[in-house]
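Okay, structure first, notes after.
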Protein chains: 2
Amino acid sequence: MTDQTTIPRHHHGDLRNALIEAGISLLEEGGLDALTLRKCAARAGVSHAAPAHHFDGLAGLRTAIAQEAFDRFAASMTAAAKAEGDSPRARLRGICRGYLEFGLKHRGLLETMFGVPAEDILQEGNGPEDAASYMILRDACAPFVPEGTQPEVIEFQVWSLIHGYTLLFVSGRLGCLAPERIEDGPFEQVMALLDRVGDTTVT
Amino acid sequence: MTDQTTIPRHHHGDLRNALIEAGISLLEEGGLDALTLRKCAARAGVSHAAPAHHFDGLAGLRTAIAQEAFDRFAASMTAAAKAEGDSPRARLRGICRGYLEFGLKHRGLLETMFGVPAEDILQEGNGPEDAASYMILRDACAPFVPEGTQPEVIEFQVWSLIHGYTLLFVSGRLGCLAPERIEDGPFEQVMALLDRVGDTTVT
DNA sequence: AAAGCAAACTTGACAGTGTAAAGTTGTCTC
DNA sequence: GAGACAACTTTACACTGTCAAGTTTGCTTT
């Protein structure tokens with residue numbers, strides 16, 4: 001039960017962040033369906049109508065949670081990019097591994113991040129470049145962009161491959177119904193296709 | 001308003017299918033959030049409690065809709081496999097194009113198909129092979145499986161790439177916020193990576 | 001210190017939703 | 001024709017999102 005003595009009535013002080021944190025907790029514990037405005041409010045120790053002063057309804061809260069989750073995801077990807085070595089191939093493999101790790105540990109957050117409308121996530125510009133996490137992907141892909149090829153092509157190849165693998169794997173569609181570790185699926189073998197990204201030799 | 005004269009009270013005759021069709025209509029029109037038991041019941045011309053005799057709650061209805069959607073998807077993929085020619089590469093490209101077409105035309109259905117728990121979708125066996133649509137993918141990938149490689153590796157490479165691209169594209173994350181046609185994104189260039197699937201030459 | 005204003009809540013109400021229980025109607029079998 | 005059961009309907013309740021009105025708190029001005 002929330003300790004009401006530490007939270008003054010009518011002026012929480014940092015309710016917006018408290019609601020976002022409460023929402024993240026609910027998503028981590030119970031997935032998408034577990035997130036409700038009233039439950040967030042209860043966890044933050046306020047009435048059910050308090051969130052309305054900080055968010056444009058449940059959709060607004062979800063968007064704010066997605067934005068916070070993207071920040072955490074970007075931080076996670078930054079660390080992952082360095083985890084497997086300094087060569088461009090190793091960095092690329094590292095961020096793909098980090099992507100999947102994030103999905104395994106935070107499935108509810110990942111589903112929220114990619115469930116909110118794209119236009120609510122991006123700022124005024126409308127390209128994916130707005131996202132810090134996308135810039136990490138871009139940096140890692142840059143060494144593999146052949147001359148005369150738009151960088152987006154390579155970036156979208158990598159992103160599609162790892163995003164698709166992550167969603168299919170964590171949702172139990174790749175042979176293991178409830179995967180707990182990366183090794184529960186053929187991650188290394190599937191990601192071998194990354195070695196072909198940017199490869200323009202004729203076959 | 002539903003024509004009540006054609007549906008006898010207390011014995012609809014084919015209510016289960018009527019509810020599934022109603023659900024599919026609601027998803028096509030308004031996406032995931034538009035699907036509710038009461039709206040399905042209203043469209044089928046019955047009371048709000050009637051679905052309970054055919055489905056295990058809203059989750060049960062969603063699962064049934066997903067199964068019907070997978071059937072339609074498989075039919076769509078079968079047609080797509082033949083659409084671009086008879087060579088193995090053309091067939092593979094064809095089903096990927098068909099996958100994306102399906103996602104563009106039926107975004108709500110695709111999100112439902114991959115949003116229900118995997119264990120509710122599969123029959124007694126728990127591999128993806130249960131799904132008709134997966135067998136189409138398997139057939140198309142078979143020519144590219146190198147000796148000594150498990151077929152799943154190649155299948156998962158292809159599935160991950162097209163599934164990821166489809167979800168990112170239709171949800172507006174690949175540079176075009178509301179894509180209407182495949183040409184609104186760099187599908188052909190991104191899918192060029194398919195030509196590398198199964199390629200074991202040393203680089 | 002007091003008054004006024006606005007922010008930041010709370011309280012209460014309503015509509016929509018899912019689910020459960022009890023009742024009613026229609027069909028089938030004996 | 002009677003009985004049993006399937007296939008509904010009706011009623012009720014809890015949960016949820018949202019809105020409107022009221023209350024409390026903090027800040028600014030006099």
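The model shown is predicted, which means the values in this text are computed figures rather than measured ones. A, B, ... follow the sequence lines: proteins, then strands. Residue 1 opens every chain.
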- Do the side-chain N and O atoms of B:Tyr165 and A:Gln157 include a donor-acceptor pair separated by under 3.5 angstrom? no

- Task: Take the protein atom CG of B:Leu58 and the nucleotide atom P of C:dT19, then report the distance between them rounded to whole Å.
- Result: 6 Å

- Are B:Phe73 and B:Tyr99 an aromatic pair by the rule of ring centers under 6.0 Å? yes

- Item | Interatomic distance where CG belongs to B:Leu19 and C1' belongs to D:dT9 [whole Å] | 14 Å

- Rounded interatomic separation in angstrom, taking CG from B:Leu37 and C1' from C:dA20: 13 Å

- Task: For the pair A:Glu84 and A:Arg91, find out whether any cationic side-chain nitrogen is under 4.0 Å from an anionic carboxylate oxygen.
- Result: no

- Task: Measure the distance from CZ on A:Phe55 to C1' on D:dC19 and round it to the nearest whole Å.
- Result: 18 Å

- Pairs touching residues 52-63 of chain B that satisfy side chain to side chain donor-acceptor pair (under 3.5 Å), sequence neighbours left out: none

- Side chain of A:Thr36 - closest among D:dC8, C:dT17, D:dG17: D:dG17

- Query: Which whole-number value in Å describes the distance from B:Leu61 CG to C:dT19 P?
  - Reply: 10 Å

- Item | Between C:dG16 (P) and B:Asp33 (CG): distance, integer Å | 17 Å

- Task: Round to the nearest Å and state the distance from A:Asp14 atom CG to C:dA8 atom P.
- Result: 11 Å

- Message: Check B:Arg93 with B:Asp195, please: is the shortest side-chain N to carboxylate O separation under 4.0 Å?
- Response: yes

- Numerically ordered, the residues 47-54 of chain A set in heavy-atom contact under 4.0 Å with DNA chain C is A:Ser47, A:His48, A:Ala49, A:Ala50, A:His53, A:His54

- Pair B:Phe70 + B:Phe114: ring centers closer than 6.0 Å: yes

- Residue mapping more 5' on DNA chain D - nearest nucleotide basis, B:Arg38 or B:Arg16: B:Arg16

- Message: I need the CG-P distance between B:Asn17 and D:dA7, as an integer number of Å.
- Response: 13 Å

- Message: So, under a plain 3.5 Å distance rule, would you say the side chain of B:His10 forms a donor-acceptor pair with the base of D:dT9?
- Response: no

- Quick one: pull up CG in A:Leu27 and SG in A:Cys40 and give me the separation to the nearest 0.5 Å. 8.0 Å

